[in-house]
Amino acid sequence: MESINLPALAAHPSVSRATRITRRKVNGQATAALLIQMATEILTASPTLRKKANITLMDLAAADKIRKELTRKTSVLHK
């Protein structure tokens, strides 16, 4: 059976260099619109999931209306 070489394992983290991660600018309205779109598509395709969540097709239509409004506001802000 091979023995574990502890100094080699301990040296591993020091070999990797810490890289600076740049944060991207957050766009909350665009993110919300995307999440609403994703949820709407998933729930539209799954009647069972809609029933479990007690969400109707009318609720999804209202959510889609809000998503379109958020998308419109986002596109106005970026012009």
Gap between atom CG of L43 and atom CG of D59 - 0.5 Å precision: 10.0 Å

Check: R50 side chain, T44 main-chain N or O, donor-acceptor pair, under 3.5 Å: yes

SB check K73 E69 (cutoff 4.0 Å): yes

Hydrophobic cluster identity match, L57 and I42, side-chain contacts under 4.5 Å: yes

Atom of A30, atom of T74 and distance for their closest heavy-atom approach: N-OG1, 3.6 Å

Inter-residue atom distance M38.CE - R67.CZ, 0.5 Å rounding: 12.5 Å

For T40 against I36, the heavy-atom pair lying closest together: OG1-O, 2.7 Å

Spacing of CD belonging to Q29 relative to OG belonging to S75, to within rounding of 0.5 Å: 10.0 Å

From OG1 (T56) to NZ (K51), nearest 0.5 Å: 14.0 Å

Hydrophobic cluster identity match, L60 and L49, side-chain contacts under 4.5 Å: yes

Approximate separation, where rounding is to 0.5 Å, of L70 CG and Q37 CD: 12.0 Å

